[in-house]
Amino acid sequence: GVRLWNGNYQGTEIDSMPFVRAMIKDLQQRQPVDDGRIYACGQSSGGYMAACCAYQASDLFAAVAPWSGFTFPGAKGLELPTGAEKEIKGVPIYLLAGKKDAMFGAPVPNISDPQCQLDQFLRYVLEENEMEMEYDTYECYPIEYYIWRKNGVPMLTLGLVDDMPH
């Protein structure tokens, strides 16, 4: 079976965003929903899907919070679906990753010379949002936070978690 959002089943690509849109529409018809406060979050492949929501449904999601999973144009292994939007402008991102996560984490961010997928993702988001590479940082053990702002608003927050693998 399909074990990923936007996965592949028997050689056929599956775009999960029509399901996500239909689910939100159904909820809006049955419950009062503040359209300005719809968020996506997820861990691992759910983090990948949260990032896809920022690309494919920025008209619906106020912010996304991927955890130990994400994607971006050119990512290896977790590509965006064919035809997906290739920009992530204007959607705030709160990303958590483990310092010991071999696929999605890093001990520290290095966006000036990206060496891993995390650095490449951060740089892509900063460039798409026309943001500076300078950041604020603080620690609330076991998480070290890095915050990039645009016009004073936090648009990209990275939390690197000590001793956390995937």
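- In terms of heavy-atom proximity, T71 sits nearest to Y55 at O-OH, 3.1 Å.
- Residues satisfying the salt bridge (charged side-chain N to carboxylate O under 4.0 Å, His left out) criterion with K100, sequence neighbours excluded, are D163.
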Contacts under 3.5 angstrom, residues 150-158 side chains, donor-acceptor by atom type, not counting sequence neighbours:
unit_1	atom_1	unit_2	atom_2	d
K150	NZ	N129	O	2.7

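- For A97, the side chain to side chain contact (heavy atoms under 4.5 Å, CB included) partners at least two apart in sequence or on another chain are L160.
- Here L60 pairs with R21, I24, A57 under the side chain to side chain contact (heavy atoms under 4.5 Å, CB included) rule; sequence neighbours left out.
- Residue F70 holds its CZ atom at 8.5 Å from CD of Q120, rounded to the nearest 0.5 Å.
- From E132, atom CD reaches atom CZ of R149 across 14.5 Å, with rounding to the nearest 0.5 Å.
- Heavy atoms from other residues, nucleotides or ligands lying under 6.0 Å from CD of Q29 number more than 12.
- The side chain to side chain donor-acceptor pair (under 3.5 Å) check on T12 picks up nothing, with sequence neighbours excluded.
- Evaluation of the side chain to side chain donor-acceptor pair (under 3.5 Å) rule for D15 yields Q56 as partners, not counting sequence neighbours.
- Taking W67 as the reference, nothing meets the ring-ring contact (aromatic ring centres under 6.0 Å, His included) condition, with sequence neighbours excluded.
- Residues satisfying the salt bridge (charged side-chain N to carboxylate O under 4.0 Å, His left out) criterion with D35, sequence neighbours excluded, are absent altogether.
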Distance-only donor-acceptor pairs under 3.5 Å for side chains of residues 138-145, two or more places apart:
unit_1	atom_1	unit_2	atom_2	d
E144	OE1	K99	NZ	3.2
E144	OE2	Y146	OH	2.8
Y145	OH	Y94	OH	3.3

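- Contacts of Q115 classified as side chain to side chain donor-acceptor pair (under 3.5 Å), with partners at least two apart in sequence or in another chain: D113.
- R123 CZ to E128 CD: the interatomic distance, rounded to the nearest 0.5 Å, is 12.5 Å.
- Counting heavy atoms from C-beta outward, I93 and F121 have side chains that approach closer than 4.5 Å.
- The CD atom of E134 lies 8.0 Å from the CD1 atom of I111; values are rounded to the nearest 0.5 Å.
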